[in-house]
Amino acid sequence: MCIFSLTTGEDNCMVSQAVTRQSVDFSKWYNEIVYKADLAAHSPVRGTIIIKPYGYEIWDGIKNALDKRFKATGHQNAYFPLFIPESYLRREAEHVEGFSPELAVVTHAGGKQLEEPLVVRPTSETIIGEAFSEWIQSYRDLPLLINQWANVVRWELRTRPFLRTSEFLWQEGHTAHVDEADAERETLQMLDIYADVAVHEAAIPVIQGRKSNIERFAGALRTYTIEAMMRDKRALQSGTSHNLGQNFARAFNIQYLDENNEQKLCWTTSWGLSTRMVGAVVMAHGDDTGLRLPPRLAPIQVVIVPIFRSEDERGPVMDAGSRLNAALSDAGIRVKLDTREGLRPGFKFNDWEMRGVPVRLEIGPKDVENEVAVLARRDLPGKEGKQTVSQANIAAVTLELLDDIQANLLSQAAAFRDANIFDVRSYDELKQVIDEGGWARGWWGGSDDDERRVKDETGATIRCFPFEQPGGSGSCLLTAGPASQVALFARAY
RNA sequence: CGGGGUGUAGCGAAGUCCGGUUAUCGCGCACGCUUUGGGAGCGUGAGAUCCCCGGUUCGAAUCCGGGCACCCCGACCA
């Protein structure tokens, strides 16, 4: 609970510990959370961050959830080099144009200038395409389903921890197929996997859809996306999947011999999800007391805070804490017993709330005597989230509670999102909705230039054409011309 | 790349205008005592090339010249 300054009315409470309220300055709130919850630290190079263990463990959870699903759908991991010959990027015209402004290029190595500069990969379509052209000979080699876990570099001018950094971690899937239908099936399958991880692991509801021409990946035929709403109502593209058509196959000569002994060009796909997702978890669930982590991704699911006044009480309480710790751990729960000395319980409560631990278990002398403990859930504030439970069946109760918290975070986020999406029929309505921070959904039949105009005038972009369409047709909200699909507009990160 | 701002202990700041002894304060950190069911108190202590280089001066965190870095606004942007 924040203690507000009575003299100024400002919420500069306990400056060193508390966080700026979301309603006061969401960006500031976000930055403070990232550092105070120990997710990341500043690094010496502009636009880069050090991902600290607690933040990395969240990424690890996302990574494991994805990797499991990639393997289950027949993909294999591999690793391609960080350095890409500059000439590779040039081979696909649209691709090089899309990326050249943000490339980091190595021109010197080994004490002398390189004959050909090496690009630090912004993404690996080109170098993987080159490899695929050698690996693939026959239709029997297809589909080729590869994924790599890697870091990439994009020299961004304006950076924010996790959301946009000059270097970031991600996975990039790259596949090759016999025909368009198979490539499209793959592209959509991987988007589904992203949505599944977002919804069921991160508890973030997402809208799946297709990107507009303008927002399409440089070199792709079609780009698909999952879009999530943050608590400031801005949209965050949380994962994308591209049907690359035959553009890269053509540029890198990725061909196969079909059953009739004819040379055919492959159809390729690529898809990526990055450490940006960690930022999504922070911004989709966090509140004014800190992070709120979904149990499935929380590095620590339950923290046990022992409470005692005297040395006499210390022993029995710590013993009980250890027993509870063992019981929960045996049940497969990621649990931590907070044995730090010299800190009062109140401080620890706030500390773990800042770090977003879903469940806190308080155990004090009275509880030891009564063979109970107090369970407090992070998703419900204060007393509302507390219950006294018997120590005997602690594991079962806690497991159920974790599931409940996971579900509740998802439904809270879904309710928030649904309450902030509005159907609009005219440009005026769109402007009003965007102005108030919401997402606007409406029929769209405009051109690329029309779309740019909306962006210039309102700051909102087409986040996607959602897969879920009302059906039929309507008139474009901007041009009033015929429109066959609805688009979703929002201000985005 | 244009406009504005800031560089002083791990973090945040004061001091700079108007040069002057040992550079100040808060948080954090270490140790001790008292505390401990919602952000503890007191005491002791460690911790600084005052962004860098040069100049002026008896003397520079402070004045002058040059450089670098970072932040904000704009532009740009998978």
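Just so we're clear, the structure is a prediction, and the values are computed from it rather than from any experiment. In what follows, chains carry the letters A, B, and so on, assigned in the order in which the sequence lines appear, proteins first and then strands, with residues in each chain numbered from 1.
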Are F80(A) and H174(A) close enough that their ring centres sit under 6.0 Å apart? no
Counting only Watson-Crick or G-U wobble pairs whose two distances fall under 3.5 Å, which nucleotide matches rG59(B)? none
For R314(A) and rG37(B), what is the distance between atoms CZ and P respectively, to the nearest whole Å? 15 Å
Hey, are the side chains of T123(A) and S270(A) touching, using non-hydrogen atoms and a 4.5 Å cut-off? no
Mind checking the P distance from rC27(B) to rC42(B)? Whole angstroms is fine. 9 Å
Determine whether a donor-acceptor pair (N or O, by modelled atom type, separation under 3.5 Å) exists between the side chain of N325(A) and the backbone of G321(A). no
Whether each nucleotide of nucleotides 70-78 of chain B has a protein heavy atom under 4.0 Å at its base (B), only at its sugar-phosphate (S) or at neither (-) is summarised, 5' to 3', as SS-BBBBSB
Please name the nucleotide paired to rC68(B) by Watson-Crick or G-U wobble geometry with both distances under 3.5 Å, or report none. rG7(B)
Base rG39(B) paired with D351(A) side chain (donor-acceptor, <3.5 Å): no
Nearest-Å distance for atom pair CG/P, residues D338(A) and rG37(B): 14 Å
With rounding to the closest Å, how many angstrom separate the C1' atoms on rC58(B) and rA48(B)? 26 Å
NA contact type, K366(A), heavy-atom cut-off 4.0 Å: base, sugar-phosphate, or nothing? base
Suppose you measure atom P in rC31(B) against the same atom in rG39(B); what distance do you get, rounded to whole Å? 24 Å
Taking the same atom, C1', in rA78(B) and in rC17(B), what whole-Å distance lies between them? 48 Å
Any chance CZ of R309(A) has more than 12 other-residue heavy atoms, nucleotides or ligands included, within less than 6.0 Å? no
Just wondering, do W149(A) and F70(A) contact through their side chains at under 4.5 Å, heavy atoms? yes
For atom CD1 of I307(A) and atom C1' of rA40(B), their distance in whole Å: 15 Å
Please identify each residue that fulfils salt bridge (charged side-chain N to carboxylate O under 4.0 Å, His left out) with E436(A), with sequence neighbours left out. none
Along nucleotides 6-13 of chain B, 5' to 3', which nucleotides get a B, which get an S, and which get a -, given that the test is a protein heavy-atom distance under 4.0 Å? --------
Distances for protein N or O near nucleotides 42-52 of chain B N or O, under 3.5 Å:
none

Inter-nucleotide P distance (rA14(B), rC51(B)), Å rounded: 14 Å
What is the distance, to the nearest angstrom, from the CZ atom on F347(A) to the P atom on rA40(B)? 7 Å
When you measure only distances, ignoring hydrogens and angles, does the side chain of K386(A) come within 3.5 Å of the base of rG37(B) through a donor and an acceptor? no
Taking the six-membered ring where the residue is Trp, are the ring centres of W444(A) and F465(A) under 6.0 Å apart? no
Nucleotide rG37(B), atom C1' - distance to CD1 of I304(A) in whole Å: 16 Å
Sticking with atom P, work out how far rG28(B) lies from rC11(B), rounded to a whole angstrom. 16 Å
So what's rU22(B) paired with, Watson-Crick or G-U wobble, going by both distances under 3.5 Å? none
Nucleotide forming a Watson-Crick or wobble pair with rA40(B), both distances under 3.5 Å: rU34(B)
Kindly say whether, by distance alone, the side chain of R344(A) makes a donor-acceptor pair under 3.5 Å with the base of rG41(B)? no
Pair partner, rC29(B) [Watson-Crick or wobble, under 3.5 Å]: rG45(B)
How is V305(A) classified with respect to the nucleic acid when contacts are heavy atoms under 4.0 Å: base, sugar-phosphate, or nothing? nothing
Grab the CG-P distance between L343(A) and rG41(B) for me, whole Å please. 13 Å
By the Watson-Crick or G-U definition, both distances under 3.5 Å, rG2(B) is matched with rC73(B)
Is it true that R360(A) and E362(A) make a salt bridge, defined as a side-chain N closer than 4.0 Å to a carboxylate O? yes
Using distance alone, with no hydrogens and no angle criterion, decide if Q485(A) and R210(A) have a side-chain donor and acceptor under 3.5 Å apart. yes
Can you list everything that forms a salt bridge (charged side-chain N to carboxylate O under 4.0 Å, His left out) with R90(A)? Sequence neighbours excluded, please. E86(A)
Check whether the ring centres of F467(A) and Y224(A) lie less than 6.0 Å apart, and answer yes or no. yes
Nearest-angstrom distance from the residue atom CG of N350(A) to C1' of rG39(B): 5 Å
Note: contacts of residues 79-90 of chain A with RNA chain B (heavy atom, under 4.0 Å) are none
salt_bridge(E130(A), R91(A)) N-O dist < 4.0 Å: yes
Please classify the nucleic acid contact of P365(A) as base, sugar-phosphate, or nothing, using heavy-atom distances under 4.0 Å. base
Could you tell me whether K336(A) atom NZ has more than 12 heavy atoms of other residues or ligands within 6.0 Å of it? no
Determine whether more than 12 heavy atoms belonging to other residues, nucleotides or ligands lie under 6.0 Å from atom CD of E97(A). no
Using the C1' atom as the reference point in each nucleotide, state the distance between rG55(B) and rA60(B) in Å, no decimals. 11 Å
Ignoring hydrogens, what is the shortest heavy-atom contact between S241(A) and M190(A)? Give both atom names and the distance. OG-CB, 4.3 Å
Determine the interatomic distance between C1' on rA75(B) and the same-named atom on rA9(B); round to the nearest Å. 38 Å
In whole Å, I'd like the distance from the CZ atom of F349(A) to the C1' atom of rG37(B). 6 Å
For I33(A) and G290(A), work out which heavy atoms get closest and say how close. CD1-CA, 3.4 Å
